[in-house]
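What follows is a set of notes on a single structure, which appears directly below.
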Amino acid sequence: MKSSYGSSSDDLHAFVNEIKREIQLSNINLDPYSFVSPSAYDTAWLSMIEEDINVDDNELKPMFQGCLDWIMCNQNAREGFWMNSTSYTTVADGRDEDGEEDMYILTSTLACVVALQKWNIGCFHLHKGTRYIERNTEMIIGKYINEEGSYPRWFVIKLTGILELAQKLGLHFVFSSRCIEMIKGMFYQRQEIIEREKLVDDCNYIPLLAYLEVLPSKLYVTNQEDIIVKSLDSMDGSLFQSPSATASAFMLTRNTKCLAYLQNLVQKCPNGVPQKYPLNEDLIKLSMVNLIESTGLGEFFGIEIEHVLEQVYRRYEEKDFERMPMSYLADQLHKDSLAFRMLRMHGRDVSPRSFCWFLNDQETRNHLERNIDCFLLVILSVYRATDLMFPGEHDLEEAREYTRNLLKKSRSINEKMIMHELSTPWIARLKHLDHRMWIEDKNSNVLSIEKASFLRLHSSYSDKLTHLAARNFEFQQAKYCRELEELTMWVKKWGLSDIGFGREKTTYCYFATVTSLPYEYAIKFGKLAAKSAILITVADDFFDEKGSFNDLEALTKAVLRWEGEELKSYGKIIFRALDDIVRETANTCRTHHKTDIIVHLRNIWGETFESWLREAEWSKKGHTASMEEYIRNGMISIAAHTIALSISCLMEPCFPQNKLKPGNYDSITTLLMIIPRLLNDLQSYQKEQEQGKINSVLLHLKNHPGLEIEDSIAHIEKILDIKRREFMEHVLVDGLSDLPKPCKEIHMSCCKVFEMFFNKKNRYDSDTEMLHDIKKALYDPINVYELSEIEPMPLMAHGDEFMILPLFLNSLPNILELKRKDGYGAMKTSMCLGKSYRVNKRVMASQLDDQHKPLKIVASQRKLVPMMQSIFAPCFY
């Protein structure tokens, strides 16, 4: 989607308002199904249902004319295919990852051309669709065969079944002999599936009968009524909540429950039906909100998001669920876990029991374990919900371990996302980079995995949001780059970049600060927070490496009395930069909130410098502190609170001043001080052991001589996990902390930075470890998918003349080859039959006779005329 807007803040907000008008998110409560992508495949099957079968052939007409109209209006005019959404995505580096999408487009296009052929309309649409099939079938089925030489189960069943139906209706294609051989192989593979599986199998989430519309009739024709009708859902009359399978079931049985289901479906979804119905409506709403927030657009849709969450929360009750079909339970678990995570993130009081009910439901667990890839999004949603764990929530512990093991077994095509979830916990991720990952993920709009492909949010909405998010991301990038340049000038002005020792971390500090904060906070206070982080790094290195004990003592005393005139060299540089930071922070607070906090800021910094001096003194004297003594000092020397409290004062005019006094910090601040200290110790104990220093891991080992180092690490990790949960509860639950909500968010952002720095290694001390993330966050343009809008085709009479070459197939076809020379004299092989337009409208795939007689192969004649290469040339291989 192209936009004429520029790159200023006003332009961005104008673009936001335009998108909000187009999307009308407030309507999601009135019509949630309009936010779900229609399925071309399923809509085609509904369009093939006859209104009344007790009439002559020439009087037959479709029961759902709107479905047929949808097909006529939703073909891609450029390429000729049909797909689920209103746009087709391609990525710059090729479509190797889009195999499942290509296969679904092929089967959807086949179903649509079959529907048009059945009703003898849309000749031009039919022609374009046929050409797409001829040009792309060989590439698709040749490119996406797996290592075992077979194809996905659903693709084999669908493609072979629709080709059989096309044969019966007299549809006309041209394929190469290589393509024909591959199709024959798929028929053999289907036969193996049929012999191996039952029509209805409790162990298989998507049994064979869910593909009724494309199954050979010999599988069920002898006991049709019992097999099909008894399999209908007792709640809604559907066949496995599949519109296409239910359409076929109705055409075979004319069952009134099926009819009621289909009529209700079309009434709810008049603009194309989804590939599953009914859907959990709260799941649709929450998924839309989740997409908005995850791509960084929450700030623009705050009112709409709160409205949706409030409605969901009112219905969010803990209760026992009555036994229902597994597809309902899967959607329920997906919705419950997503609601738990989003409601808890927004401060609502919710219990893990609201979605951990599945742990005590053995049938649900069995289905999850047997069908991991089908339920991958459900499993992933449960796993993500366990990120927000409070103390004593043992159900969440069990759910996390259970779903983590299932995710490790997954053979998902989205392996990158799974690995990211398992390797990088949520608390170690930075907002800005998370937003980029969601914007670039072509599957960020997926609701669930159905019998053939992803069920997605409607692309007319998700694409607009994605492009708005990309614009917003790049706008933020530009702003951050300008601020980084200003910060670099500040560092040079105060001599910190040329100080000659320690770590130069200007870019690291700015990157970590602004990418962890919400943009509104980052742009106001991110640079100031980065200055504090840079100064802490330089001063810490001065105490650890460069300064003599006398220099360190002099600097600490100067900070305590806030008088640095007598300082020299490095100490003077550090103090002058520190004084500038404190003055800027205090002046900003005085300007915005009419509050003077300069004394509090000086005391916090003085406490921090004292802790560094104490550690230097311990090292000089060889003093081994007790664990209590070490932690009490170490939680100050890590200096997380020094940054968090300085910025928190600027967030809220009502920040409690007594919570700025050393020794009287809020409980959430105390937890913030402990967690980074333990994180640092876990990654630095080897280095500090070599330097003769102490930390919590080494102290625990020293106090317990019988233990190995791994035991001490496990002990500290256990303490860290407990403190994380306490911290999470204090951030997300009202009443446990006296700090305002924005100040809690600052504490959370600060904690996430340290979690990122020390996630499995010490990334902060590395010169290269974070460079890739920094480039993605601040410099690299975002990689979004190009969109090709659908252009409705003009209606044409079916009788318009043009050449179409047919291919007839039976279940194991006998293929005769046609030899010809191409324009370069090379011998080519293809297969074709004579053209025919006679169609029996009553023919359906389920009525095919499986014992077709061998077909006679006849070549259609075409007069050769000298001309430029036709766009239809790819039909011949």
Side-chain angles (χ1 to χ4, degrees), residues 9 296 298-299 430-433 435 472 475-491 493-494 496 505-537 577-598 600-602 604-605 608 639-657 659-660 665-666 668-669 672-673 676 731 739-754 756-757 777-778:
S9 178
E299 61 180 301
L430 305 181
K431 282 181 178 289
H432 191 59
L433 285 175
H435 295 162
N472 186 48
F475 173 79
Q476 292 175 5
Q477 274 186 319
K479 188 71 173 177
Y480 291 155
C481 286
R482 289 194 295 271
E483 282 212 336
L484 180 56
E485 292 176 2
E486 296 170 4
L487 180 64
T488 303
M489 293 172 61
W490 178 88
V491 170
K493 173 184 176 181
W494 294 102
L496 297 177
K505 297 294 181 180
T506 301
T507 303
Y508 271 33
C509 290
Y510 184 74
F511 153 76
T513 301
V514 298
T515 56
S516 65
L517 292 168
Y519 176 73
E520 178 187 2
Y521 302 162
I523 212 61
K524 289 180 179 178
F525 312 118
K527 187 167 60 173
L528 186 56
K531 289 179 182 180
S532 296
I534 293 166
L535 192 280
I536 288 169
T537 302
L578 173 60
D579 184 60
D580 183 72
I581 292 170
V582 170
R583 287 178 183 275
E584 182 181 354
T585 306
N587 289 337
T588 303
C589 189
R590 191 179 300 112
T591 300
H592 288 89
H593 306 315
K594 311 302 181 186
T595 305
D596 189 354
I597 59 169
I598 194 165
H600 294 303
L601 295 176
R602 288 174 176 178
I604 292 171
W605 279 103
T608 304
H641 72 300
T642 311
I643 301 173
L645 290 177
S646 298
I647 301 305
S648 295
C649 293
L650 306 179
M651 298 296 302
E652 285 287 325
C654 57
F655 187 91
Q657 298 290 301
K659 296 299 182 180
L660 294 175
Y665 297 136
D666 191 271
I668 193 174
T669 304
L672 173 64
M673 298 164 73
V731 170
L739 301 189
K741 183 177 179 181
C743 300
K744 291 181 181 181
E745 292 180 5
I746 294 295
H747 280 64
M748 173 62 83
S749 297
C750 190
C751 185
K752 286 170 76 85
V753 167
F754 280 95
M756 180 272 295
F757 281 156
L778 304 181

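Between M756 atom CE and C751 atom SG the span is 12.0 Å, to the nearest 0.5 Å. Separation of atoms CG (L528) and CD1 (I581) is listed at 7.5 Å; rounding is to 0.5 Å. In this structure, CG in L517 is found 10.5 Å from CD1 in I523, a value given to the nearest 0.5 Å. Separating the CD atom in E486 from the NZ atom in K527 is a distance of 4.0 Å, to the nearest 0.5 Å. Distance check, rounded to the nearest 0.5 Å: CG of L778 to OH of Y510 gives 7.5 Å. Interatomic distance, CD of E299 versus CG of N472, reported as 5.5 Å (0.5 Å rounding).
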Exercise for review: Begin with the C-alpha distance, continue with both residues' side-chain angles, and end with the deciding distance and a verdict on side-chain contact (heavy atoms from CB on, under 4.5 Å) for I604 and S646.
Suggested key: CA-CA 9 Å; I604 292 171; S646 298; 5.6 Å; no

Exercise for review: Evaluate the criterion salt bridge (charged side-chain N to carboxylate O under 4.0 Å, His left out) for residue pair E584 and K531; output intermediate values, then yes/no.
Suggested key: CA-CA 11 Å; E584 182 181 354; K531 289 179 182 180; 2.9 Å; yes

Check your understanding: Given I536 and W605, is the side-chain contact (heavy atoms from CB on, under 4.5 Å) satisfied, shown in steps?
Key -> CA-CA 10 Å; I536 288 169; W605 279 103; 3.6 Å; yes

Point to revise | Verdict with supporting geometry, Q477 and H432, side-chain contact (heavy atoms from CB on, under 4.5 Å) | key: CA-CA 10 Å; Q477 274 186 319; H432 191 59; 4.2 Å; yes

Review point. F511 and T506: side-chain contact (heavy atoms from CB on, under 4.5 Å), yes or no, with the steps?
Key: CA-CA 9 Å; F511 153 76; T506 301; over 6 Å; no

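K744 is listed as a side-chain neighbour of I668, based on a closest heavy-atom distance under 4.5 Å. Residues R482 and K479 have side chains in contact (heavy-atom distance under 4.5 Å, counting atoms from C-beta outward). Counting only heavy atoms from C-beta outward, the side chains of K431 and S516 never approach each other to under 4.5 Å. Contact check for K493 versus M489: no side-chain heavy atoms found under the 4.5 Å cut-off. Side-chain contact between L739 and T669: present, with at least one pair of heavy atoms (C-beta onward) separated by less than 4.5 Å. Within the 4.5 Å cutoff, side-chain heavy atoms of P518 are placed close to those of S749. Between T595 and P653, the closest side-chain pair of non-hydrogen atoms is not below 4.5 Å. Side chains of D666 and K659 form a contact here, defined as non-hydrogen atoms less than 4.5 Å apart.
For the pair K524 and Y521, the NZ or CZ position fails the cation-pi test of under 6.0 Å to the six-membered ring centre and within 45 degrees of the ring normal.
Side-chain atoms of D596 come within 3.5 Å of backbone atoms of I598 as a donor-acceptor pair (strictly under, hydrogens ignored). Of the possible donor and acceptor atoms, one in the side chain of H592 sits under 3.5 Å from a partner among the backbone N and O of T588. No donor-acceptor distance shorter than 3.5 angstrom exists from the side chain of H641 to the backbone of M673, with no hydrogens or angles considered. Although no hydrogens or angles enter the test, the distance criterion places no donor-acceptor pair under 3.5 Å between the side chain of T513 and the main chain of G526. A distance-only check finds a donor-acceptor pair linking the side chain of T537 to the backbone of A533 [under 3.5 Å]. Counting only distance, with no hydrogens or angles, the side chain of H593 and the backbone of L650 share a donor-acceptor pair below 3.5 Å.
The minimum heavy-atom distance linking S532 with I643 is given by the pair CB-CG1, 4.1 Å. A512 approaches V753 most closely through the heavy-atom pair O-CG2, 3.3 Å. Between A640 and C750, the shortest heavy-atom distance links the atoms O-SG, 3.7 Å. In plain terms, the two heavy atoms of T515 and A777 that are nearest each other are CG2-CB, 3.8 Å. C743 and F655 make their closest contact through SG-CD1, 3.5 Å (heavy atoms, listed as atom of the first residue, atom of the second, distance). Between E483 and A522, the shortest heavy-atom distance links the atoms OE1-O, 4.3 Å.
A donor-acceptor contact under 3.5 angstrom links the side chains of T608 and T642, judged on distance only.
When the salt bridge (Lys or Arg N to Asp or Glu O under 4.0 Å) test is applied to D580, no partner is found at least two apart in sequence or on another chain. With sequence neighbours excluded, no residue forms a ring-ring contact (aromatic ring centres under 6.0 Å, His included) with F525.
More than 12 heavy atoms of other residues, nucleotides or ligands sit less than 6.0 Å from atom CZ of R590.
Between Y480 and Y519, the ring planes lie tilted relative to each other; the angle falls in the 30° to 60° range.
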